[in-house]
2 protein chains.
Amino acid sequence: MLDRVNFQTNKTGELDLLIGERAFWSDFRYLRGAEIFGEAEPAEYVYKIRSGSVRTFKLLPDGRRQIGAFHLPGDIFGVESGEVYRFTAEAIEDTTVWIAKLRRIFGECADENVPASKDVLKLIARSLQHAENHLLLLGRQTSLEKVAAFLTEMDQRLHSPAVMILPMGRRDIADYLGLTIETVSRVFSILERERILSFEGLRHREIVLHSRAKLARLALFSELKLEYRGSRDSNLARGLAV
Amino acid sequence: MLDRVNFQTNKTGELDLLIGERAFWSDFRYLRGAEIFGEAEPAEYVYKIRSGSVRTFKLLPDGRRQIGAFHLPGDIFGVESGEVYRFTAEAIEDTTVWIAKLRRIFGECADENVPASKDVLKLIARSLQHAENHLLLLGRQTSLEKVAAFLTEMDQRLHSPAVMILPMGRRDIADYLGLTIETVSRVFSILERERILSFEGLRHREIVLHSRAKLARLALFSELKLEYRGSRDSNLARGLAV
DNA sequence: CGTCACCTTGACTGTAATCAAACATGGTGG
DNA sequence: CCACCATGTTTGATTACAGTCAAGGTGACG
């Protein structure tokens with residue numbers, strides 16, 4: 001699956017500090033679905049996405065999956081403070097990354113490399129903040145709130161484009177939000193019926209948001225109950241009207 | 001609520017580095033239920049528990065609560081890389097802490113303080129690991145698996161005592177696991193019926209674990225379904241026999 | 001044009017939530 | 001010392017949100 005394209009050096013500048021020296025970044029390419037690294041493998045490299053997108057996740061023995069984060073162009077992932085990766089990373093679509101060796105932060109010579117550990121701290125602190133917010137979402141929010149939060153997050157990370165193109169499928173969204181694909185699909189349909197979003201073209205991954213304000217309100221707190229039978233939008237409309 | 005006991009200096013040794021200088025730690029005491037710091041408040045201090053226990057949590061506007069972590073004697077909490085606390089912290093029971101000013105890690109003079117930022121990194125990395133594991137639990141595990149995982153975690157953190165005394169009530173456990181108190185209580189009852197644990201004395205917070213191995217297996221992966229009506233342990237027994 | 005992957009929708013089920021009541025515990029003050 | 005009350009836990013009955021099972025649609029690609 002892994003398709004190595006070339007080995008030219010790339011000076012990213014902003015990331016040189018992370019590895020403590022003028023870095024030689026290599027260009028790698030992964031095909032859709034390819035594993036970039038596996039959970040519990042030695043954490044040798046850090047990655048920065050040039051194009052494409054990546055999911056990082058954990059698995060239970062029976063295959064249940066929890067996606068911890070999506071990584072988009074410009075994002076750095078695979079930064080660990082320990083010896084091993086704590087997630088598996090896979091390319092969601094064909095993806096190109098810059099890759100570089102990460103010096104062990106807790107190694108004997110770590111003290112020499114102050115700026116590096118500062119950068120690592122920043123990155124890890126950002127991951128922590130994201131994870132902590134996600135705890136609240138997974139533990140205490142409804143399916144509608146979860147999907148609304150997901151759309152709001154993606155909208156912001158993609159810089160609120162006129163048409164948001166989601167790289168990931170319903171399965172990935174479901175595993176990110178702790179739901180099933182059917183529930184995700186139903187919530188999308190409800191949001192479409194309520195004119196909060198619409199689908200552009202025929203692919204259902206291209207989305208136009210019609211009311212970011214409503215969406216953000218739903219993401220944070222909604223009294224909304226999904227209607228599975230009976231009139232389809234009585235409770236829904238009530239919830240959305242908040 | 002806050003009850004300041006004294007202001008004597010305490011040299012903890014292991015934590016001096018964290019604040020970058022020989023530290024003057026103050027002793028503070030909080031009564032049961034007292035707020036130690038609030039979410040979004042400026043993060044001025046770090047705390048180390050001398051006795052008692054603390055919960056850190058986030059709230060939704062309607063009061064839904066997600067507890068991110070429990071902190072026990074010896075634990076350090078309140079370490080932030082940013083300007084503000086990202087959780088609220090409350091004393092679960094009457095609690096005594098050591099408190100110290102945390103130098104801003106990302107301040108202008110941060111470079112001078114290499115060991116401190118290394119310590120902060122360690123602490124934050126540990127928090128991140130805990131949070132990431134908790135994502136999988138909240139998003140993809142059943143009520144039984146959640147409670148089993150909670151008991152296993154507490155057992156380990158309390159060093160597997162003969163009788164485990166839980167400082168927190170069912171409400172806290174529920175808000176940690178993304179469940180209700182009733183569901184937590186029902187799962188405890190099932191585990192008692194299955195002779196995996198029993199309650200010591202009359203308080204139902206003192207627990208004896210009879211099979212840590214079974215519990216650990218349940219925590220990671222169980223086919224078990226709760227039986228709410230009908231014969232009480234048919235499916236249960238099947239699940240537990242794995 | 002047929003197959004495959006992905007998405008949606010419908011019918012029904014089940015796990016955990018909600019609503020409700022009983023019981024235990026522990027502290028307080030009479 | 002005990003009655004009383006607030007708090008916390010268990011248990012039962014029922015509900016509901018999301019899951020499961022199943023079918024059908026659509027687009028991509030060979």
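Proteins get letters first, then strands, A, B, ... in listed order; numbering begins at 1 in each.
Each of D:dT11, C:dC7, D:dT10 was ranked by its minimum atom distance to the side chain of B:Arg170; first place goes to D:dT10. Among D:dG19, C:dC19, D:dT9, the nucleotide with an atom closest to any side-chain atom of B:Glu182 is C:dC19. Comparing D:dT10, D:dC21, C:dA16 by their closest approach to the side chain of B:Ser143 singles out C:dA16. Here the side chain of A:His204 is nearest to one of C:dT9, D:dG27, C:dC7, namely C:dC7. Of the candidates C:dT8, C:dT18, D:dT10, the closest approach to any side-chain atom of B:Arg186 belongs to C:dT18. The side chain of B:Arg32 lies closest to D:dG8 when the candidates are D:dG19, D:dG8, C:dA17.
If you check every strand for non-hydrogen atoms under 4.0 Å, A:Ile181 touches nothing. Note on A:Ser185: a base of the nucleic acid sits closer than 4.0 angstrom, heavy atoms only. Residue contacts for B:Gly201: at a heavy-atom cut-off of 4.0 Å it reaches no nucleic acid atom on any strand shown.
One interatomic measurement links the two molecules: CG of B:Leu166 to C1' of D:dT9, which rounds to 13 Å at whole-angstrom precision. The interatomic distance linking B:Arg171 (CZ) with C:dT18 (C1') rounds to 12 Å, in whole Å. Computed from coordinates, the A:Ile173 CD1 to C:dC6 P distance equals 13 Å when rounded to whole Å. When the P atom of C:dC6 is taken as reference, atom CG of A:Asp175 falls 13 Å away, rounded to whole Å. For A:Arg203 and D:dA28, the CZ to C1' distance is 10 Å, given to the nearest whole Å. Counting to the nearest Å, the P atom of D:dC17 and the CG atom of A:Leu177 are 18 Å from each other. Here C:dC6 presents its C1' atom at 14 Å from CD of A:Glu206, a figure rounded to the nearest Å. Distance B:Glu93 CD to D:dT7 P: 19 Å, rounded to the nearest Å.
In this structure, A:Lys58 contributes its side chain and A:Glu39 its backbone to no donor-acceptor pair below 3.5 Å.
Both the sub-6.0 Å distance and the 45° axial angle are satisfied by B:Arg170 relative to the ring of B:Phe188.
When the side-chain nitrogen and oxygen atoms of A:Ser189 are compared with OP1 and OP2 of C:dT9, one or more of them lie within a distance under 4.0 Å. OP1 or OP2 of D:dG19 sits under 4.0 Å from a side-chain N or O of A:Thr180.
Taking only distance into account, the side chain of B:Arg205 never meets the base of D:dT7 through a donor-acceptor pair shorter than 3.5 Å. The base of C:dT9 is not paired with the side chain of A:Arg193 by any donor and acceptor separated by under 3.5 Å.
Classified by interplanar angle (parallel below 30°, tilted 30° to 60°, perpendicular above 60°), the ring pair A:Phe77/A:Tyr47 is parallel.
More than 12 heavy atoms of other residues, nucleotides or ligands shown are found within 6.0 angstrom of CZ on B:Arg157. For A:Arg126, the CZ atom is loosely surrounded, since the number of other residues' heavy atoms within 6.0 Å does not exceed 12.
For the pair A:Phe188 and A:Arg140, both in contact range of DNA chain C, the more 5′-proximal nearest nucleotide belongs to A:Phe188.
If you look at B:Phe70 and B:Tyr176, their ring centroids are closer than 6.0 Å.
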